[in-house]
Q: 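Sharing a structure, written as structure tokens. Questions coming.
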There are 2 protein chains.
Amino acid sequence: MQNKKTDCTAINPDTVNNTLPKMPDMKLLYELSDFFKVMGDNTRIQLLWALEINKMCVGDLAVLLNMTKSAVSHQLKILRSAKLVKAEKQGKNVYYSLDDDHVKTILEKALEHTNE
Amino acid sequence: MQNKKTDCTAINPDTVNNTLPKMPDMKLLYELSDFFKVMGDNTRIQLLWALEINKMCVGDLAVLLNMTKSAVSHQLKILRSAKLVKAEKQGKNVYYSLDDDHVKTILEKALEHTNE
DNA sequence: TTGACAATTGAACAATTGTTCAATTATAAT
DNA sequence: ATTATAATTGAACAATTGTTCAATTGTCAA
């Protein structure tokens, strides 16, 4: 019941042994933290909330959030690769919208926490 | 209907005008993204999940996650200032546990998203 | 009081991240 | 074909972040 990194020893080895097998797979935990990492940026939260109100194209979002199209596009790419938004091309414009019903639920749950 | 940062113009000014008043306060959005930022780290997700299983002290957590006590302590401090975990001193040890029922709910909701 | 152990703290470092800028692609209109 | 507009892309830069290391604080036992 030791730790490779330090000479640190467990105070309650039983508790550690009880906890270890109940921990989820590392892969799952990485997926979770990667998901939250995507949500953990103010620009992306603004984009998600805006798209929750209306489907919009990059130019509209840039004006709405007072940002450059480039910056918006970069962040939308991250949201898209996380499957949080989807893109739909119409002529010269690309319209973005939420790709996932869970996003709204998670935003609301997170609000319950911060509003305490 | 212009943007100060670029010469960019809205494609659909009506949509932008419709969306703008419906956007939540900037302060609220920052609180939200700050919350997700705290959740968006693999070490902290591991800590939260471990504490969801058992109340533990710093040394136990360090052994469980194979980290130094210092690194664990640093991250616990961040979780504590975000009111996600609470500390309770017992002699030489400090026992940590989840401070918020919502955390578990949010973790589960996030899993629903990543498991698709 | 002294020594040992648990935990915290601050500084330093490497790594990651978000925005800007400039260039490029793609589509529609003339 | 040429021009104009929408969007994307990649490189560069500044800012932020997580871990390590060393030193410190606080508590118990001898």
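Values reported hereafter were calculated over all heavy atoms of this structure, with side chains retained and with hydrogens, waters and symmetry mates removed. In what follows, every chain begins at residue 1, and chains take the letters A, B, ... in the order their sequences are listed.
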Q: How close or far is atom P of D:dG18 from atom CD1 of B:Ile45, stated in whole angstroms?
A: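 Result: 12 Å.
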Q: To the closest 0.5 Å, what do you measure between CG (A:Leu48) and CD1 (A:Ile53)?
A: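 Rounded to the nearest 0.5 Å, the CG-CD1 separation comes out at 11.5 Å.
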Q: Looking at B:Thr68, does any N or O in its side chain come under 4.0 Å of the phosphate oxygens OP1/OP2 on D:dC21?
A: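 For B:Thr68, the contact criterion (side-chain N or O under 4.0 Å from OP1 or OP2 of D:dC21) is not met.
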Q: Tell me if a side-chain donor or acceptor on A:Asp60 pairs with a main-chain N or O of B:Asn12 at a distance below 3.5 Å.
A: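 Checking the backbone N and O of B:Asn12 against the side chain of A:Asp60, a donor-acceptor pair under 3.5 Å is found.
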Q: Strictly distance-based, threshold 3.5 Å: is any side-chain N or O of B:Arg44 a donor or acceptor partner for the main-chain N or O of B:Val38?
A: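 At least one qualifying donor-acceptor pair exists.
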Q: Looking only at side-chain atoms of A:Asn93, point me to the closest of D:dT20, C:dA7, D:dA7.
A: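 It is D:dA7.
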Q: With heavy-atom distances below 4.5 Å as the criterion, would you say the side chains of B:Leu98 and B:Val85 are in contact?
A: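 Touching, per the 4.5 Å side-chain cut-off.
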Q: Whole angstroms only, please: what is the CG-P distance between A:Leu65 and C:dG18?
A: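 It is 15 Å, rounded to the nearest whole Å.
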Q: Separation of B:Tyr95 atom OH from C:dT8 atom P, in whole Å?
A: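 Those two atoms, OH and P, are 13 Å apart.
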Q: Has B:Asp100 got a side-chain atom pairing as donor or acceptor with B:His102's backbone, closer than 3.5 angstrom?
A: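 Yes, B:Asp100 side chain to B:His102 backbone: donor-acceptor pair under 3.5 Å.
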Q: Figure out the NZ/P separation between A:Lys69 and C:dA26, and round it to whole Å.
A: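 A:Lys69 atom NZ is separated from C:dA26 atom P by 16 Å.
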Q: For B:Met67 and D:dC21, what is the distance between atoms CE and C1' respectively, to the nearest whole Å?
A: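 For the pair B:Met67 CE and D:dC21 C1', the rounded distance is 14 Å.
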Q: Has B:Asp41 got a side-chain atom pairing as donor or acceptor with B:Thr43's backbone, closer than 3.5 angstrom?
A: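 Yes, because the side chain of B:Asp41 sits within donor-acceptor range (under 3.5 Å) of the backbone of B:Thr43.
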Q: Round to a whole Å and report the spacing from CD1 of B:Ile11 to C1' of C:dT27.
A: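 Going from B:Ile11 (CD1) to C:dT27 (C1'), I get 13 Å.
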Q: Walk along nucleotides 22-30 of chain D from 5' to 3' and tag each nucleotide B, S or - by protein heavy-atom contact under 4.0 Å, base first, then sugar-phosphate.
A: ----BBS--
Q: Find which nucleotide of DNA chain C each of B:Tyr96 and A:Ile78 is nearest to by heavy atoms, and output the residue with the more 5' nucleotide.
A: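 Mapping each residue to its closest nucleotide by heavy atoms, the 5'-most match is B:Tyr96.
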Q: Rounded to whole angstroms, how far apart are CD on B:Glu88 and C1' on C:dA6?
A: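 Roughly 16 Å, once rounded to whole Å.
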Q: Nearest to the side chain of B:Gln75, which nucleotide is it out of D:dT19, C:dT8, C:dT19?
A: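 Output: D:dT19.
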Q: Does C:dT9 have OP1 or OP2 sitting under 4.0 Å from an N or O in the side chain of B:Lys77?
A: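 For C:dT9, OP1/OP2 do have a side-chain N/O of B:Lys77 under 4.0 Å.
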Q: Starting at NZ of A:Lys37 and ending at C1' of D:dT17, how long is that distance when rounded to a whole Å?
A: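 Going from A:Lys37 (NZ) to D:dT17 (C1'), I get 10 Å.
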Q: Check whether the side chain of A:His74 and the base of C:dT20 form a donor-acceptor pair under 3.5 Å.
A: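 Yes.
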Q: Between the side chain of B:Ser73 and the main-chain N/O of B:Lys69, is any donor-acceptor distance below 3.5 Å?
A: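 No, the answer is negative, given that no donor and acceptor are paired below the 3.5 Å cut-off.
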